[in-house]
Novice: 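This is the structure I have questions about; it appears just below.
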Amino acid sequence: PVFAGTNGSAIENFSCAIYNISLMNCTWQAGRDAPGDTQYFLYWKNPSNDDVMECKHYIKDENGRNTGCRFQDVRIETEKAYFLVNGSSKHTLIQFYDEYIPLYKIEKLMPPSNITVNCDEIKHNCIIQWQRPQIRHSDKDKCFKYEIDIRHK
């Protein structure tokens, strides 16, 4: 059997979020049983591009250990993107962690733009208008639901 690395050495709590249309942050925590010298490396493959790419902009903790990655110009495809984080240590083999993530599910939406409010005091009504948020993976207006919270002062 292949020795897969020390149990508890793989990263934990891996998560990614896309924001501002094309930026993506991924973060993780070091494995609880990983030696102190363990360094982690993130690789990912977007379906639009068959190349497996290593992170170019790591987020580091106070000990210089990679605990995240910042991506720019991320394109959202309908298929899942593949993420793999492996590690190295002088003391032991480190288990890898991998996950397939549908990117459209992790996009944090921008707020609606060009919000206008026009009130008619005589008719006691207001017209509120806005433009839908920019979104990377769809141009369908029907994908959006809005909620207006009106507070009286």
Novice: State, to 0.1 Å, how close Gln95 and Gly8 come at their nearest heavy-atom pair, and which atoms those are.
Specialist: OE1-N, 3.7 Å
Novice: Is there less than 2.5 Å between the SG of Cys26 and that of Cys55?
Specialist: no
Novice: Among Tyr43, Phe14, Phe96, Phe41, which residue satisfies the side chain to side chain contact (heavy atoms under 4.5 Å, CB included) criterion with Val85?
Specialist: Phe14
Novice: In Å, rounded to the nearest 0.5 Å, how long is the span from CD of Gln131 to CD of Gln129?
Specialist: 10.0 Å
Novice: Quick check: Trp28 with Tyr97 (ring centres under 6.0 Å apart)?
Specialist: no
Novice: Rounded to the nearest 0.5 Å, how far does OH of Tyr82 lie from CD of Glu99?
Specialist: 10.5 Å
Novice: What's the spacing between Lys105 NZ and Cys16 SG if we round to 0.5 Å?
Specialist: 14.5 Å
Novice: Is there a side-chain contact between Tyr146 and Ile148, using heavy atoms and a 4.5 Å cut-off?
Specialist: no
Novice: Donor-acceptor pair, distance only, cut-off 3.5 Å: does the side chain of Gln39 make one with the backbone of Gly64?
Specialist: yes
Novice: Is the shortest heavy-atom distance from the side chain of Phe71 to the side chain of His57 under 4.5 Å?
Specialist: no
Novice: If you draw a 6.0 Å radius around CD1 in Ile122, do more than 12 non-hydrogen atoms from other residues or ligands fall strictly inside?
Specialist: no
Novice: Where do Gly36 and Arg65 come nearest, in terms of heavy atoms and distance?
Specialist: O-NH2, 3.6 Å
Novice: Compare all side-chain heavy atoms of Ser9 with those of Leu93 and state whether any distance is below 4.5 angstrom.
Specialist: no
Novice: For the side chain of Asn46 and the backbone of Val74, is there at least one donor-acceptor N/O pair under 3.5 Å apart?
Specialist: no
Novice: Would you find more than 12 non-hydrogen atoms of other residues, nucleotides or ligands less than 6.0 Å from Lys45 atom NZ?
Specialist: yes
Novice: Return yes if some donor-acceptor pair links the side-chain N/O of Asp61 with the main-chain N/O of Asn63 below 3.5 Å, else return no.
Specialist: yes
Novice: Roughly how far apart are Asp73 CG and Ile21 CD1, rounded to 0.5 Å?
Specialist: 12.0 Å
Novice: Ion pair present between Arg151 and Asp149, side-chain N to carboxylate O less than 4.0 angstrom?
Specialist: yes
Novice: Would a distance-only check, ignoring hydrogens and angles, find a side-chain to backbone donor-acceptor pair under 3.5 Å from Thr27 to Gly68?
Specialist: no
Novice: Sort out for me which residue in Thr92, Asp33, Thr38 forms a side chain to side chain donor-acceptor pair (under 3.5 Å) with Thr6.
Specialist: Thr92
Novice: Please find the pair of heavy atoms, one from Lys108 and one from Ala17, that lie closest to each other, and give the distance.
Specialist: CE-CB, 4.0 Å
Novice: Any side-chain heavy atom of Phe144 sitting closer than 4.5 Å to one from Pro133?
Specialist: yes
Novice: Would you say that Leu84 contacts Val52 through its side chain, given a criterion of any heavy-atom pair below 4.5 Å between the two side chains?
Specialist: no
Novice: For the atom pair CZ (Arg32) and CG (Asn7), what is the distance rounded to the nearest 0.5 Å?
Specialist: 10.5 Å
Novice: Please examine the side chains of Tyr40 and Leu42, heavy atoms only from C-beta on, and report whether any two atoms are closer than 4.5 Å.
Specialist: no
Novice: Is there side-chain contact between Tyr100 and Glu79, with heavy atoms separated by less than 4.5 Å?
Specialist: no
Novice: Would a hydrophobic clustering, with Ile, Leu, Val, Met, Phe, Trp and Tyr connected at side-chain separations under 4.5 Å, put Ile59 with Ile106?
Specialist: no
Novice: So, does Asn118 use its side chain to make a donor-acceptor pair with the main chain of Ile127 at under 3.5 Å?
Specialist: no
Novice: Would you call Met110 and Asn20 a side-chain contact if the rule is heavy atoms closer than 4.5 Å?
Specialist: yes
Novice: Would you kindly say whether Ser89 and Asp37 are connected by a side-chain donor-acceptor distance under 3.5 Å?
Specialist: yes
Novice: Starting from Leu23, walk the hydrophobic network (Ile, Leu, Val, Met, Phe, Trp, Tyr; side-chain heavy atoms closer than 4.5 Å) and list everyone else you reach, by chain and number.
Specialist: Tyr19
Novice: Hey, could you give me the CD/NZ distance between Glu147 and Lys145, rounded to the nearest 0.5 Å?
Specialist: 11.5 Å
Novice: Set out, in order, the CA-CA distance, both residues' side-chain angles and the distance that settles side-chain contact (heavy atoms from CB on, under 4.5 Å) for Asn66 and Lys60, then state yes or no.
Specialist: CA-CA 4 Å; Asn66 297 336; Lys60 295 179 181 289; 2.7 Å; yes
